[in-house]
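When a residue number appears, it is its place in the shown sequence, counting from 1. Computed from a prediction, not measured in an experiment: that's the story for all the values here.
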Amino acid sequence: MVATFKNRSLNDIELIKISDLYGYKRDRYNGFDIFIAEPEKAVIDSIIKGNTPLDELNNAIKICDISKLERYAVRSGKKVSRITGYLLEMNEIESEILRDFLGNDRNIAYTYYEVKKNNWMVRQRFQ
């Protein structure tokens, strides 16, 4: 996936808000500076876009720094935090940070992923 903050109309280029440009590192590739998402940011972006298979997200979580993933989820809002908490629980990781952030919020986070019954109030949205 390629993301840019410039306002251009290019095929297969995903435009994102400047406020979402965090969690990237600069790398040099063939004489050009490119920005590569950290694994934690890639997971968060995938949750937001909903375009990555659930098993790939579960595999990616295994290589993530959990505290950084939690911080990025909180920064991205309650819906993303709910889905991140659900994914962490699926990987047998408890997140008090996300539970504290969500507090008594009772809103449901809908996702296109097939989900099991859970306490994170994540439900599957049917197309």
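Residues Leu98 and Ala73 approach most closely at CD2-CB, 4.0 Å, considering heavy atoms.
Here Lys41 contributes atom NZ and Ile36 contributes atom CD1; the two are 15.0 Å apart, rounded to the nearest 0.5 Å. Distance check: Leu88 CG to Asn58 CG gives 9.5 Å after rounding to the nearest 0.5 Å. To the nearest 0.5 angstrom, Asp100 atom CG is 11.5 Å from Ser81 atom OG.
Contact of the Lys79 side chain with the Tyr110 side chain is not registered, since no non-hydrogen atoms from C-beta on lie closer than 4.5 Å. Looking at heavy atoms from C-beta onward, Asn107 lies out of side-chain contact with Met121 at the 4.5 angstrom threshold. Looking at Thr84 and Ile61, their side chains never come closer than 4.5 Å, going by heavy atoms from C-beta outward. The shortest distance between side-chain heavy atoms of Thr111 and Arg125 does not fall below 4.5 Å.
For the pair Lys49 and Asp45, the salt-bridge criterion is not met [side-chain N within less than 4.0 Å of a carboxylate O]. With salt bridges taken as basic N to acidic carboxylate O contacts below 4.0 Å, one links Arg99 and Glu94.
If you chain together hydrophobic residues whose side chains sit under 4.5 Å apart, Val74 and Tyr22 fall into the same group.
Across Asn59, Leu87, Val115, a single residue satisfies side-chain contact (heavy atoms from CB on, under 4.5 Å) together with Leu54, and that is Leu87. Of the residues listed (Arg71, Lys25, Lys68, Arg26), the one engaging Glu38 in a salt bridge (Lys or Arg N to Asp or Glu O under 4.0 Å) is Lys68, and it is the only one.
Enclosure of atom OH in Tyr113 by more than 12 non-hydrogen atoms of other residues, nucleotides or ligands within 6.0 angstrom is indicated.
Distance alone, capped at 3.5 Å, is enough to place a donor-acceptor pair between the Tyr86 side chain and the Lys116 backbone. The backbone N or O of Trp120 sits less than 3.5 Å from a side-chain atom of Arg82, completing a donor-acceptor pair. Put simply, the side chain of Glu40 never gets that close to the backbone of Gly23: no donor and acceptor are under 3.5 Å apart.
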